[in-house]
Amino acid sequence: MVGDGHRGASTSLRDAQDEAGVPPGIWKGRGLAAVGLVAGDVVTERQAELLLGEGRHPDADRIESKLLAQGRSPARARRATVLGRPIEHNRSPETDKAKERIPWLGMHLVFRPPPTAHIAWALMGHEIRLMLELCQDIARDKTLEWLEDAVAQIRWKGGGKQRAGVRGGLIVAVFRHYESRAAESRPLLHDHAMVSIRVRRPDEKGTWGNLSADSMLAHIVAADTLYTLYFMEEVSARLGWAWEPREVTPGRRPVMEIAGIDQRLISWQSTRRQQIEDAMSVLTAKYEEKHGHGPGERAGYALACMATDRTRPPKRKEMRSLSELREVWRESAVRRFGAAIINLLAERARAAAAVVWARVRPVVDVVLAAVDVVAVVYVMRGAFKRHHLLAEARRYLSYVLRGRPHQPGLDERIVQTIVDNYTRPVGRGLMMTADLHALYPRDTDDQAVLRPLTRKRTVSLYARARLAAGALNAQVHAVRRSERLGSRTRPHTVAVPGASRSGPRLSRTDRKAGRAQERQQGTDVAALEQTRATIEAAAKMAVRLQEGVRERGVNHGPRPRPAPSVPSAPHTPPPRVQQAPGRTPTGGLA
C-alpha cells in the first residue's frame with residue numbers, strides 16, 4: 001500500500017504514500033455495490049484491514065456500533081459484519097480438517113506492461129506518460145471484467161462440489177507502483193490488484209461465500225495474455241505505435257515490444273532481469289549436472305522462481321516522488337546513450353509503425369489460427385484444457401495484429417474451431433489432446449510427418465512447436481492451392497482443415513471402419529469419374545454420327561420441292577429439330 005518504502009508506526013497511510021511518491025489505492029469491481037462502495041473510491045487503511053485482513057464488511061465499525069446501540073450482544077454484532085464464514089472457524093478445534101489450515105482472504109494479481117512501454121513512459125514527454133497510464137487503466141479494467149464474467153466462480157457444499165458464477169462481481173483494491181526493486185532505480189509501471197475472496201452466491205438472498213481459487217489460478221495465463229492484447233491495442237489506437245516480437249531467450253516464446261525503441265534501452269531498463277538470468281544460468285547448470293538433461297517447462301519455471309528469490313534486493317529506505325524519479329531516469333539514460341537517442345524516441349516509434357503497418361496485413365484466418373494454436377499447445381503440453389488454448393489464441397492474435405483491434409469474441413471463436421475439429425477427449429475431466437487424424441488425414445498410420453517435428457530433441461520445445469505449426473499451415477495452403485487450380489470441384493475423401501466435425505465422437509473401432517469406408521468411397525469416386533468420361537465420349541460420338549447422316553441425306557437425297565405460295569396463309573415456324581443425345585445446351589448430362 002506504500003510502494004517499496006518503509007512506513008513508520010506513527011505515520012498515517014496517506015502521508016506514507018505521499019512520501020513514497022505513489023498514489024493511493026482505489027477500489028475496482030462490480031461487487032462494490034454490495035458493500036456500499038463505488039469504483040474509484042480511495043482505499044483507506046481501515047477498509048483494507050477489515051475486508052482483506054478479517055473478511056468483514058469494510059464499514060464494519062459503523063454497523064457494529066449501530067447493532068450494539070440496538071441492544072445486540074457483542075458476539076452477534078460482530079457476527080453480523082462478517083461476510084460469509086468467519087476466519088475463526090478455521091482455528092476451532094471442532095473442525096478436524098481445517099484445524100491447522102491458515103485462512104486466506106485475498107489473491108494478488110500484478111498487471112505489468114512490456115519493457116519498452118516502461119521506457120516510453122519514463123523518458124518521453126508528460127502527455128505520452130499520461131496516455132500510457134490511461135492505456136494501463138483501460139487494459140487492466142477490461143481484464144478484471146473478463147475475470148468477473150467468464151472465470152470467477154463461487155463454491156459451496158462439501159469440497160466445493162457445487163459451483164456457479166458470482167453475483168454482482170469482484171471486489172478489488174488496486175495500488176500503482178512506479179519502479180522496480182533493482183539496486184539502481186529503474187522505471188517499472190505496474191499495478192498490484194488485491195482481489196477479495198469474499199463474493200456473493202447467485203441465490204435470492206445473495207449470501208456471501210468464498211471465491212473458487214483453482215478456477216482463478218487456472219486462468220491466470222489467459223488473463224495475462226488478454227491484458228497484453230488490450231494494452232497493445234490501446235497504445236496503437238491512441239499513440240499510433242506498432243508492435244513487433246522480440247526474442248528474449250533463444251528458443252522461448254517472444255515478447256511484444258514497441259517498434260522503433262532502441263534495444264539497448266531495454267538492457268538499461270531490465271537490470272533486474274539480468275540479475276535473474278545470471279542466477280538462472282547457474283541453477284540450470286546444476287540441474288543438468290544432476291538430472292542429465294535440461295529443465296522442462298515446469299522445472300524451468302521453478303528454477304526461475306528460485307533465481308528471483310535469491311536475487312531479490314531489500315527495499316529502499318529513501319522515498320522519492322515520481323517527478324524526481326523521472327529526472328533521475330532521464331539523466332541516467334542520457335549519460336549512457338546520449339541525448340539524441342532519448343529525444344528522438346517518439347519520432348522513431350512513429351516511423352517504425354509506418355513500416356510495420358505497410359508490411360503486416362491485419363487479417364486473421366480462423367482456420368490457420370486454429371491449426372497454429374493447437375500445434376503449439378499440443379507440442380508444449382500434450383494434454384491440455386480449454387484455457388490453455390485460449391491463452392495461446394490470444395498470443396497468436398497479438399503476433400498477427402501487431403496492435404490493431406481484434407473482433408470481440410475472435411479468440412473464443414478460434415478455440416471453438418479447435419475443439420470442434422482438431423481435438424479429442426483424453427482421460428477424465430475436461431482434458432483433451434490434438435486429434436492427429438484430423439490434422440494429418442493422409443497420414444493416419446503413424447503420423448510420419450508430425451513425429452519428427454515433435455521429437456526433434458536438438459531444438460527447444462517451443463521451436464519444435466513452431467515447426468509443427470509451420471507444417472500444418474503449409475498443408476492448409478497446399479490444400480487451398482490445389483482447390484483453386486483444379487479444373488472443377490472434385491469430391492474430397494479426406495478431412496480438410498476447416499471442415500466441421502460436430503457430433504458424437506467416434507471410438508477407435510469406428511474410426512478404423514470410417515477409414516475403410518473412406519478408401520471404398522475413393523474407389524467409388526474413381527469409378528464414377530471413369531463412367532462419366534465414357535458417357536461423355538459416347539455422347540460426342542453420337543452427335544458426330546447424327547450430323548454425318550444429316551449431311552449425306554442433304555447431298556445425295558431428293559431435293560425438296562418448293563411449297564406453293566399462299567399469300568394469305570399465316571407464317572408457320574420451322575419444324576423443331578430433336579435434340580441429339582449427349583450434352584444439353586446448358587451443360588451437364590442428358
Side-chain angles (χ1 to χ4, degrees), residues 1-3 7 12-18 20-64 80-84 87 103-112 130 133-154 165-178 189-202 206-213 216 220 223 226-227 230-231 234 322:
M1 298 179 71
V2 293
R7 172 190 172 196
S12 65
L13 175 63
R14 193 59 182 270
D15 293 340
Q17 291 171 339
D18 293 339
V22 296
I26 56 176
W27 290 108
K28 289 289 181 179
R30 294 199 297 266
L32 295 172
V35 292
L37 296 175
V38 180
D41 287 351
V42 175
V43 179
T44 65
E45 184 175 7
R46 184 56 178 166
Q47 289 174 346
E49 181 182 356
L50 289 170
L51 181 62
L52 302 176
E54 301 178 7
R56 300 170 64 193
H57 196 286
D59 198 13
D61 294 338
R62 182 188 61 81
I63 298 175
E64 190 173 359
T81 62
V82 176
L83 305 180
I87 60 176
W104 66 283
L105 295 171
M107 180 179 296
H108 179 206
L109 307 178
V110 181
F111 297 87
R112 185 178 65 181
L130 295 179
E133 291 180 1
L134 177 61
C135 296
Q136 169 77 354
D137 294 338
I138 296 175
R140 179 202 62 217
D141 293 345
K142 286 184 176 180
T143 305
L144 290 175
E145 290 177 1
W146 176 76
L147 289 173
E148 287 179 321
D149 297 333
V151 178
Q153 291 182 334
I154 188 171
V166 300
R167 180 178 179 179
L170 302 176
I171 302 177
V172 188
V174 178
F175 303 93
R176 173 157 294 177
H177 293 178
Y178 294 140
L189 174 66
H190 61 288
D191 292 337
H192 294 268
M194 298 299 299
V195 182
S196 173
I197 193 179
R198 303 302 193 187
V199 290
R200 291 199 299 168
R201 296 187 178 93
T207 56
W208 291 86
N210 289 342
L211 188 67
S212 175
M216 293 287 289
I220 287 298
L226 180 63
Y227 157 75
Y230 279 142
F231 183 81
E234 293 296 330
L322 179 59

J.: Quickly, which of V195, L109, L226 forms a side-chain contact (heavy atoms from CB on, under 4.5 Å) with L147? Name it, please.
T.: L109
J.: Look at the side chain of E45 and the backbone N and O of M1, then say whether any donor-acceptor pair between them is shorter than 3.5 Å.
T.: no
J.: Just wondering, do V151 and W146 contact through their side chains at under 4.5 Å, heavy atoms?
T.: yes
J.: Distance from E133 atom CD to I138 atom CD1, nearest 0.5 Å?
T.: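 With rounding to 0.5 Å, CD (E133) is 12.5 Å from CD1 (I138).
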J.: L52 pairs by side-chain contact (heavy atoms from CB on, under 4.5 Å) with which of Q47, R198, M194?
T.: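 Answer to the side-chain contact (heavy atoms from CB on, under 4.5 Å) test with L52 among Q47, R198, M194: M194.
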J.: Could you walk me through whether E145 and K142 pass the salt bridge (Lys or Arg N to Asp or Glu O under 4.0 Å) check?
T.: CA-CA 5 Å; E145 290 177 1; K142 286 184 176 180; over 6 Å; no
J.: Who passes side-chain hydrogen bond (donor to acceptor under 3.5 Å, both in side chains) against R14, sequence neighbours left out?
T.: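 Residues passing side-chain hydrogen bond (donor to acceptor under 3.5 Å, both in side chains) with R14: none at all.
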J.: Specify the closest pair of heavy atoms between L105 and G55, including all atoms of both residues, with the distance to one decimal.
T.: CD1-N, 3.5 Å
J.: Please name the pair of heavy atoms, one in I154 and one in V166, separated by the smallest distance, quoted to 0.1 Å.
T.: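 Looks like N-CG1, 4.0 Å.
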J.: Look at the aromatic rings of H190 and H177 and report parallel, tilted or perpendicular, splitting at 30° and 60°.
T.: perpendicular
J.: Any side-chain heavy atom of T143 within less than 4.5 Å of one from F231?
T.: no
J.: Using 0.5 Å steps for rounding, measure from the CZ atom of R167 to the CZ atom of R30.
T.: 14.0 Å
J.: Quick one: are E49 and T44 in side-chain contact, heavy atoms under 4.5 Å?
T.: no
J.: W104 versus I197: any side-chain heavy-atom pair under 4.5 Å?
T.: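 Side chain of W104 against side chain of I197, heavy atoms only: contact under 4.5 Å found.
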J.: When rounded to the nearest 0.5 angstrom, what is the spacing between CZ in R56 and OG1 in T81?
T.: 3.5 Å
J.: For W27 and L32, work out which heavy atoms get closest and say how close.
T.: CB-CD1, 3.7 Å
J.: Just how far is it from atom CG of L83 to atom CZ of R200, taken to the nearest 0.5 Å?
T.: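 Nearest 0.5 Å value for the CG-CZ distance: 10.5 Å.
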J.: Could you tell me whether the side chain of E148 and the main chain of L170 form a donor-acceptor pair under 3.5 Å?
T.: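 Side chain of E148 to backbone of L170, a donor-acceptor pair under 3.5 Å: yes, one is there.
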J.: Within the 4.5 Å heavy-atom criterion, are V110 and H108 side-chain neighbours or not?
T.: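 Yes. Closest side-chain heavy atoms under 4.5 Å.
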J.: If I compare all heavy atoms of L211 with all of A152, which pair ends up nearest, and what's the gap?
T.: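 Scanning both residues completely, I find the closest heavy atoms to be CD1-CB, 3.9 Å.
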J.: Might you work through the salt bridge (Lys or Arg N to Asp or Glu O under 4.0 Å) test for D137 and K28, ending with a clear yes or no?
T.: CA-CA 11 Å; D137 294 338; K28 289 289 181 179; over 6 Å; no
J.: Do you know the tightest heavy-atom contact between V42 and P24?
T.: CG1-CB, 3.8 Å
J.: Hey, mind stepping through D191 and F175 against side-chain contact (heavy atoms from CB on, under 4.5 Å) and telling me if it holds?
T.: CA-CA 6 Å; D191 292 337; F175 303 93; over 6 Å; no
J.: Heavy atoms only: give me the nearest V172-A193 pair and the separation to one decimal.
T.: CG1-CB, 3.7 Å
J.: Would you say the side-chain atoms of R201 pair up with the backbone N or O of W208, donor to acceptor, closer than 3.5 Å?
T.: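 It does hold such a pair.
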J.: The criterion is ring-ring contact (aromatic ring centres under 6.0 Å, His included); which residues satisfy it with H57, sequence neighbours excluded?
T.: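 Here no residue qualifies.
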